[in-house]
Amino acid sequence: MGVNWAQVLFNSAVTGSLYLIAAVGLTLTYGLSGFPNFAYAEFMTLGAYMGYFVVRQLGFDVYFAFIAAFLACGILGALAYRGVFRFLANRGANKIHLMVGSIALGFVIRYIIGDIWGWPATTFGIRWPGFDIGPLRVTDLWLALIFTALVLAVIMHLLLTRTKTGKAIRGISSNPELALASGINIERVTLVTWAGGAALAGIAGLFWGAIASLSPLLGWAMILPVFAVTILGGIGSFYGVLAAAFIIGLAENIGVVALTQLGLSTEYRMAIAFIILIVTLILRPQGLAKAFRRT
Amino acid sequence: MESIFVAEDIVAGYEDVEIVHNVSVEVAGGEIVAIIGPNGSGKSTLVKSLLGFARLFHGQVLYDGRNITGITPDRAVTLGINYVPQINNVFVNLTVAENLELGAYTRKDGNIKADMAEVYRLFPELAARKKAWAGNLSGGERQMLAIARAMMTNPKVLLLDEPLASLAPKAISPIFKKVKRIRDNGTAVVIVEQNVKRALEISHRCYVLVDGRCVLEGDSKSILSDEDAKQRFLGLKA
């Protein structure tokens, strides 16, 4: 059976774009606050359900779903930081406590979502017909996803290198004590990053909900590859994540071809990100970040 | 001379441990004051506690006549007190120019560009490497960048925590020259230093700490010529 490698590359770009949007906030908040926020999975899930709410229940256009997911998840991220993590940290919680707290918060949000919208998998009820561009089979949704990731990459680059807040994010991530000694308002910068990161997680969840289906476990199913991207990229590094998202996207899609050729189930696709995660932790636990220097 | 920065009867440490016991230090504008003493004598803890980087158990901190006891590090910067840590004192994954920009983070006036040019005039070594990653600088350049970053707020008080530690001997005197230039511009400089001889040479006055207590204070020149004090407190041979 011949393999359409152009299609494999295109699919990799789609997967990589999704991972990029999903991992930016995770890596930046991990870098600033020093612990992995597992409730990030549920930020993605909420984004998807905001899409369901706006499109299916309110009957609005899908464009409004993006605005709703961005805002709802941004507010959730800010509340999670202020109401849970900073609250716990001020009472002496260490990084491990915060990580466990994030798992607990994730459970709470997941079950609330399950209670409101039900547990069975569902869809937005929108069809995205495929059409051909040269050798590629594409949909508007996939193209929109790639376009969103490209715009995000440009905006993030400008934010991190041209704005005061962006440089402060890199500064705090690199050296929190010196950031404090420079008079940087760590609290405000961290809050903005949590809100922005969660808003992006919501967009990623919404895309995934639109491409596949959604259930309260959507975020939980996505969090492993998103963590793999974060760790391969080097925690706190946007440029590392930019590279890692597309590396893992490519590995997964080539993996799917290989699995198909070998006559194995493509369900093993999940294992690919996991294997990359383990190999990274063994060979290069600091990730790719050093290759880029910048955050 | 009127002291701009005064610390009275400071008791400081970390968590529940008191490291510094009842030490008083003061510095005037245009003056360099050295805090010297062996490793673990509490020099750094003393300075850190004044700005909220270590725990202040007791004592009073005055700046320009105002009581600023218990101030947080970021507030101190906006008032005009800047601190350069001993280690990790640059943002390694930012460029030289970006380090200076973050040094000016608290400023909202429009003179940042002009002041950056001024800092580059004082540190031509850095002007040549604006776009270099701070992590790629040599030890001496790094120390200069650390001081230059602090200068971006035009501080009235500059606290330097062991600026010479881990520097090659030939990198030391260029750093001292810069510190003197900063002093000449009217800034009050407090320098924590283990290199006793160097510290006495550059400073007007000094405080000698041993086991968290001030065992000697006075004019640096006279201590430098007081063989008895040098042997007893500083471990310097006559």
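First the proteins, then the strands, lettered A, B, ... as listed; each starts at 1. Because the structure is predicted, anything quoted here is derived from the model rather than measured.
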Q. Going by heavy atoms in the side chains, are A:L178 and B:N88 under 4.5 Å from each other?
A. no
(Q) I'd like to check B:F53 versus A:E177 (side-chain heavy atoms, cut-off strictly below 4.5 Å). Are they in contact? (A) yes
**Q.** Heavy-atom proximity to chain A below 4.5 Å, by part of B:R75
**A.**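 For B:R75, there is no contact with chain A at all, as no heavy atom is under 4.5 Å.
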Of all the heavy-atom pairs spanning [X] and [Y], show the shortest one and how long it is.
{"X": "B:Y83", "Y": "A:A181", "answer": "O-CB, 4.1 Å"}
{"X": "A:A168", "Y": "B:Y105", "answer": "CB-CE1, 3.7 Å"}
{"X": "A:S174", "Y": "B:V92", "answer": "OG-N, 3.5 Å"}
{"X": "A:K167", "Y": "B:L102", "answer": "O-CD1, 3.5 Å"}
{"X": "B:V77", "Y": "A:G183", "answer": "CG2-N, 3.6 Å"}

Q. Would you find more than 12 non-hydrogen atoms of other residues, nucleotides or ligands less than 6.0 Å from B:I87 atom CD1?
A.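 No - once you tally the heavy atoms of other residues, nucleotides and ligands closer than 6.0 Å, there are 12 at most.
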**Q.** CG (B:D16) with more than 12 external heavy atoms under 6.0 Å
**A.**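 Check fails, neighbour count at 12 or below.
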Atom pair [atom1]/[atom2] of [X] and [Y] - distance to nearest 0.5 Å:
{"X": "A:K164", "Y": "B:I112", "atom1": "NZ", "atom2": "CD1", "answer": "6.0 Å"}
{"X": "A:R162", "Y": "B:E98", "atom1": "CZ", "atom2": "CD", "answer": "10.0 Å"}
{"X": "B:N89", "Y": "A:N175", "atom1": "CG", "atom2": "CG", "answer": "8.0 Å"}

(Q) Heavy atom to heavy atom, less than 4.5 Å: which residues from residues 79-102 of chain A reach chain B? (A) none
**Q.** Most contacts with chain A, counted as non-hydrogen pairs under 4.5 angstrom, among B:V90, B:L51, B:T106
**A.** B:V90
